[in-house]
Amino acid sequence: MARQMTGAKMVLQALKDHDVDTVFGYPGGAVLPIYDEIFQQNDIRHILVRHEQAAIHMAEGYARSTGKPGVALVTSGPGATNAVTGLTDALMDSIPLIVFSGQVATFMVGTDGFQEADTVGITRPCTKHNWLVKDTEKLAETIHQAFHIATSGRPGPVLIDLPKDVQFATGTYREAKAARVDHYQPQVKGDIEAITRLVELMETAERPVFYTGGGVINSGPGASQLLRELVDGTGFPITSTLMGLGAYPASGKSWLGMLGMHGLYEANLAMHGCDLMINLGARFDDRITGRTSDFSPKSTKVHVDIDASSINKIIHVDLPIIGDIGHVLEDALKIWKARGRKTNAAAVAKWWAKIDTWKKVNCLAYTGSEKTIKPQYALERLEALTKDRDRYITTEVGQHQMWAAQYLGFEDPNRWMTSGGLGTMGYGFPASIGVQIAHPDSLVINVAGEASWLMNMQEMGTATQFRTPVKQFILNNERLGMVRQWQELLHGERYSSSWSESLPDFVKLAESFGWKGMIVSDPADLDDAIMEMINHDGPVLFDCLVEKHENCFPMIPSGKPHNEMLLSADAEAFKGGGALV
């Protein structure tokens, strides 16, 4: 049904038609018509951030934890340029976002007017698609297309740049079903012959491995269920990228843990030694592959991905299958069952026996302390005390992020929010607010380093204003931990600018925003303090003082293959000098 309304009103009507309930944003002159419409309705909640980068990260956290697209609204010029980091983060990690940016009036575009920037030009490389809408008659169609493109195929962020006069002008609003979307219809069904060939490879493989990524989670909860059925049915081992954690449960009998630069010993060696690698929704990024020429050198490689451009982009594969993970897994299961559920069981049992010898190395072993909190111990205790709760975890970026991936277990998808591809310091705190807005009754914890956390600390005001009881669990080593680790191991212990100087009193900082502030330095006090944090009904800033020079192991040095991992001295003791493969 066509209706006449202003461009600003169209934006709100389209959001309602797409079942949007929350917008994260910051007002400015070029978007005031939209903010005026927000004021005059009660269906959509607006979350006022303190910085536009944080608005995008909040929308990312909301999207990643719900499976729905996140929506953000920023003004022209600096409002839009402040959003660029978040847009790039979302593009790298395939997070569906719809971002509206204000723009100067159409007759002023190109005049270097006040708060004008070439937003479409600036954001072209960091969005899946973007538009500058110069005609109100085209606005509704553009918004509907934006939702379709952001959520179809490989998800990602889109941006709509709205001149102020387009927001004021009146045009015709048509509903989503009237929008033209046939020009973008990504292939979701995989080629049956290729899937049958995959099943044939599964039936004869002697050393198979499932290698899963964020694409399994992006495909929806059904894909994770199908993955679990296939893994448990075949008995094949499974590992995952950082973004894929939770698609298969950490407690599952076939789980090897995360792989990659700071992945587990057994996961990396299984990847190196397998004869069949089944990649489901991962993109062979450099944190996973190490030296590409030596990556899983003797395996037949299968790659299932909805994004055709990811196939053979980094690693040549023997069997590409383009399609949605859920659809491909459904067909693979049907074919595998119809053919008798066959595997090379005897060979797979020998493969598991080899993997079990690698597991005995205990690659996450560390030396405990009765005087100083080790960061690994802090996360072990956080896991023990929260794993049975309705819990969501976000992280900042650095050592703490890798420790969180190693020591925290995820039983379900959409419970783990982290910046994978871009590695954005400052992501975790605003993302935790977005998650908490989406899940107000759940426990939301951001595992942080003090350096990363300070990058978006201004969002304490947002958490206070909107009563989001987020828990900020800071592993405070007074260092830029990952930078310091690389300087120690690769740069002759020349610690150039890797100390966190002039840190605030986090307890006083928390109290100044109406939060609860806590500081803990004694391992004996840690459990009680974590429980106090969990049980507090408001936001908490938990300053956990940890060992300053602890390194994150295992570690594959840059440019090395998977079987040249660096292990901690404690893990080396388990290995006893034995050969890696």
Side-chain angles (χ1 to χ4, degrees), residues 5-15 17-18 20 23-38 52-53 55-56 59 69-88 90-91 96-152 156-174 176 178-181 183-184:
M5 62 182 72
T6 65
K9 200 172 190 69
M10 283 185 191
V11 172
L12 271 293
Q13 186 59 53
L15 294 182
D17 286 354
H18 288 277
V20 172
V23 173
F24 303 91
Y26 200 94
V31 284
L32 287 185
I34 298 174
Y35 271 89
D36 192 46
E37 291 297 333
I38 289 174
E52 291 88 354
Q53 179 186 346
I56 310 302
V71 180
L73 174 61
V74 300
T75 194
S76 63
T81 58
N82 281 346
V84 165
T85 297
L87 288 168
T88 309
L91 184 69
L97 300 181
I98 290 86
V99 178
F100 295 91
S101 59
Q103 185 56 273
V104 300
T106 52
F107 62 86
M108 291 182 63
V109 171
T111 67
D112 293 332
F114 178 66
Q115 290 194 332
E116 180 187 2
D118 178 10
T119 301
V120 167
I122 291 168
T123 61
R124 185 171 291 116
C126 58
T127 55
K128 191 175 175 183
H129 196 62
N130 63 12
W131 299 261
L132 171 62
V133 181
K134 294 183 177 181
D135 182 353
T136 308
E137 287 292 333
K138 297 179 179 179
L139 178 55
E141 170 107 353
T142 301
I143 298 173
H144 298 323
Q145 288 183 358
F147 274 90
H148 174 71
I149 290 171
T151 58
S152 301
V158 298
L159 180 138
I160 301 172
D161 201 29
L162 291 174
K164 194 168 184 178
D165 55 333
V166 171
Q167 299 170 48
F168 276 124
T170 298
T172 305
Y173 180 83
R174 293 180 175 85
R180 174 177 168 262
V181 294
H183 59 301
Y184 181 66

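Looking at Q103, its side chain does come within 3.5 Å of a backbone N or O of A117 through a donor-acceptor pair. Remark: the backbone N or O of T81 is not paired with any side-chain donor or acceptor of E52 at under 3.5 angstrom. The main-chain N or O of P78 is never found under 3.5 Å from a side-chain atom of Q115 such that the two would form a donor-acceptor pair. Judged by distance alone, the side chain of T106 and the main-chain N or O of K134 form no donor-acceptor pair under 3.5 Å. No donor-acceptor distance shorter than 3.5 angstrom exists from the side chain of N130 to the backbone of L159, with no hydrogens or angles considered.
Minimum interatomic distance between P157 and C126 (heavy atoms only, all atoms of both residues): CG-O, 3.8 Å. L91 and T127 make their closest contact through CD1-C, 3.9 Å (heavy atoms, listed as atom of the first residue, atom of the second, distance). Nearest heavy atom pair, residue Y35 against residue G25, reads OH-C, 3.2 Å. Closest approach of A8 and I34 over heavy atoms only: CB-N, 3.8 Å. Among all heavy-atom pairs drawn from T119 and S101, the shortest one is CG2-OG, 3.7 Å. Closest non-hydrogen pair, V71 versus L15, comes out as CG1-CD2, 4.1 Å.
The shortest distance between side-chain heavy atoms of E141 and R174 does not fall below 4.5 Å. Contact of the T88 side chain with the P125 side chain is not registered, since no non-hydrogen atoms from C-beta on lie closer than 4.5 Å. No side-chain heavy atom of E116 sits less than 4.5 Å from a side-chain heavy atom of M108. Between T136 and F168 the shortest side-chain heavy-atom distance does not fall below 4.5 Å. The shortest side-chain heavy-atom distance between V11 and F100 falls under the 4.5 Å cut-off. Annotation: side chain of I98 is in contact with side chain of F147 (closest heavy-atom distance under 4.5 Å).
In this structure, the separation between OG1 on T170 and CD on E137 is 9.5 Å, given to the nearest 0.5 Å. Between the OG1 atom in T142 and the CE atom in M10 there is a gap of 10.0 Å [rounded to 0.5 Å]. Between the NZ atom in K164 and the OG1 atom in T75 there is a gap of 8.0 Å [rounded to 0.5 Å]. To the nearest 0.5 Å, atoms CG (D17) and CG (L12) are separated by 11.0 Å. Taken to the nearest 0.5 Å, the CG atom of D118 stands 10.5 Å off from the CG atom of D112. For the atom pair CG of L32 and CD1 of I38, the computed distance is 10.5 Å after rounding to the nearest 0.5 Å.
Atom CZ of F114 sits in a sparse spot, with 12 or fewer heavy atoms from other residues, nucleotides or ligands closer than 6.0 Å.
Residues meeting the salt bridge (Lys or Arg N to Asp or Glu O under 4.0 Å) test with K9, sequence neighbours left out: E37.
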Assess the residue pair Q145 and W131 against the criterion (side-chain contact (heavy atoms from CB on, under 4.5 Å)); give the C-alpha distance rounded to whole Å, side-chain angles, the decisive distance to 0.1 Å, and a yes or no.
CA-CA 10 Å; Q145 288 183 358; W131 299 261; 4.2 Å; yes
Verify side-chain contact (heavy atoms from CB on, under 4.5 Å) between I56 and L97, making sure each step is shown before the conclusion.
CA-CA 8 Å; I56 310 302; L97 300 181; 3.6 Å; yes
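Note: H144 and Y173 have perpendicular aromatic rings, judged against thresholds of 30 and 60 degrees for the angle between ring planes.
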